[in-house]
Amino acid sequence: MATQYKKVAVAGAVGNLGPTVVRELVAAGFDVTILSRSGNTLPNTKSATVDYSSKESLVAALRGQDAFVSNIPNHIDQPALIDAAIEAGVKHFIPSEFGSNVTGNSKVAALPVFAGKLATEEYLKQQSKISWTVIVNGLFFDWGLSMGILANLSGGTTKVYGDPDVKHSLTLLSDVAKAVVGVLQHPEETRNRTVYIQSTALSQNQILDVVRKHKAGGDVERVDTKELLQEGYSLLKKGGADIGTAMFNFILVSVLDKEYGNNWSEKNENALLGIRELTTDEIEKQIVSVM
Ligand SMILES: NC(=O)c1ccc[n+]([C@@H]2O[C@H](COP(=O)([O-])OP(=O)(O)OC[C@H]3O[C@@H](n4cnc5c(N)ncnc54)[C@H](OP(=O)(O)O)[C@@H]3O)[C@@H](O)[C@H]2O)c1
């Protein structure tokens with residue numbers, strides 16, 4: 001008989017991605033408990049306040065849960081979550097990944113910003129006590145637009161990274177959340193592997209074409225991704241307040257440089273996980289909605 005999960009715990013539930021994941025899980029009928037450090041709550045969920053440095057605290061919060069979804073930003077701390085989930089008898093773990101193709105591309109794996117995600121995936125692969133699934137979705141489409149990464153939506157100059165005609169997989173937060181639900185509804189098919197999803201794949205020039213239709217301007221400044229990478233390593237060496245910029249440089253390269261393999265239009269699990277690609281009209285509406 002197919003495995004059926006009912007109870008799902010979500011860590012890091014109130015950030016950029018978490019609330020959408022929780023909303024989709026609740027809508028799909030899962031019994032959701034959110035874990036937080038300060039007693040945060042979300043509608044239609046139970047909540048547990050946890051001390052992430054205490055295994056006891058984590059095990060107590062996770063006991064009785066079928067699955068555990070992590071959205072925490074400090075990826076390096078996830079092996080402790082995995083140990084606690086195993087001790088609590090949780091059956092399936094979805095780590096806080098939701099971005100670049102970390103173990104599917106050696107150039108991505110080598111970027112310092114992904115050390116924690118890489119270590120988490122290696123930790124998961126080395127054990128057999130809990131099932132796991134990694135979700136890889138590229139840049140969040142709506143978030144990437146609202147952050148001005150994909151285009152300058154006010155018509156000002158856009159930085160284009162590498163070849164502006166190369167397409168990149170992009171995924172709406174709501175589709176990432178659908179993938180989480182899809183994985184937990186299809187644990188056998190998604191067990192112990194990476195699943196790739198996308199709402200669409202677009203080049204920066206395609207996005208800029210839409211921007212130019214609605215706003216005057218739309219000039220571009222070409223950014224050499226090799227220089228961006230070099231700058232990242234120099235800033236990392238300097239340390240201090242520059243580390244954040246360095247990490248952001250690495251993320252930009254991983255999601256927007258062709259060599260980092262971030263287009264899985266030909267190889268994705270949209271159909272299994274219930275994700276439908278956006279139409280041209282929907283893409284335009286999405287871009288206009290954040291202008
Ligand atoms: N593909 C993309 O474009 C993209 C963009 C952004 C993020 N991501 C990925 O998506 C995942 C979720 O990121 P996010 O931006 O949603 O995270 P976030 O907003 O930075 O944090 C999520 C939540 O985690 C908890 N948290 C924060 N710091 C913590 C710490 N030190 N220890 C434990 N919990 C902590 C907080 O909840 P409480 O206060 O309730 O504990 C916070 O609201 C990450 O893996 C990230 O790399 C991908």
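Indexing begins at 1, ligand by ligand and atom by atom, following the structure's order. Fair warning: this is a prediction, and the values are worked out from it, not measured in the lab.
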_Flag, side chain of N249 to backbone of L228, donor-acceptor distance under 3.5 Å_ = yes
*Any donor-acceptor pair under 3.5 Å from D66 side chain to K6 backbone*: yes
*Out of N71, I72, N74, T20, indicate the one that has the non-hydrogen atom closest to atom 12 (C) of ligand 1.*
N71
*Without swapping roles, check the side chain of Q65 against the backbone of V8 for a donor-acceptor pair under 3.5 Å.*
yes
*Is there a nitrogen or oxygen of F98 sitting under 3.5 Å from a nitrogen or oxygen of ligand 1?*
yes
*Looking only at distances, please establish whether an N/O atom of ligand 1 is found under 3.5 Å from an N/O atom of W143.*
no
*For ligand 1, is there an N or O atom under 3.5 Å from any N or O atom of Y52?*
no
_For F68 together with H92, are the ring centres under 6.0 Å from each other?_
no
*Among all protein heavy atoms, pick out the one at the shortest distance from atom 11 (C) of ligand 1; state its residue, atom name and that distance to 0.1 Å.*
S96 OG, 3.5 Å
*asked:* Considering non-hydrogen atoms of the protein only, which is the closest contact for atom 14 (P) of ligand 1, and what is the distance?
replied: N16 ND2, 3.8 Å
*Taking D257 for the side chain and T225 for the main chain, is one N or O donor matched with an acceptor at less than 3.5 Å?*
no
*asked:* Test of understanding: given a 4.0 Å heavy-atom threshold, classify the contact between E97 and ligand 1 as side chain, backbone, both, or neither.
replied: backbone
*Heavy-atom nearest neighbour in the protein, as seen from atom 23 (C) of ligand 1, with distance rounded to 0.1 Å*: G12 CA, 3.4 Å
*Quick one: look up the protein heavy atom nearest atom 37 (O) of ligand 1 and list residue, atom name and how far away it is.*
V14 CG2, 3.8 Å
*asked:* Within the structure, is a non-hydrogen atom of N137 found at a distance of less than 4.0 Å from ligand 1?
replied: yes
*Report the residue from V183, T194, N192 that forms a side-chain contact (heavy atoms from CB on, under 4.5 Å) with T133.*
V183
*How about E56: does its CD atom have over 12 heavy atoms from other parts shown lying under 6.0 Å from it?*
no
*Sub-3.5 Å donor-acceptor pair from the side chain of E259 to the main-chain atoms of K107, do we have one?*
no
*Minimum-distance pair of heavy atoms, taken over all atoms of G12 and I72*: N-CG2, 4.1 Å
_Side chain, backbone, both or neither: the part of L17 lying under 4.0 Å from ligand 1 by heavy atom_ = both
*Report yes or no: does G138 have a heavy atom closer than 4.0 Å to ligand 1?*
yes
*Which heavy atom of the protein is the closest neighbour of atom 7 (C) of ligand 1, given with residue, atom name and distance?*
F140 CE1, 3.6 Å
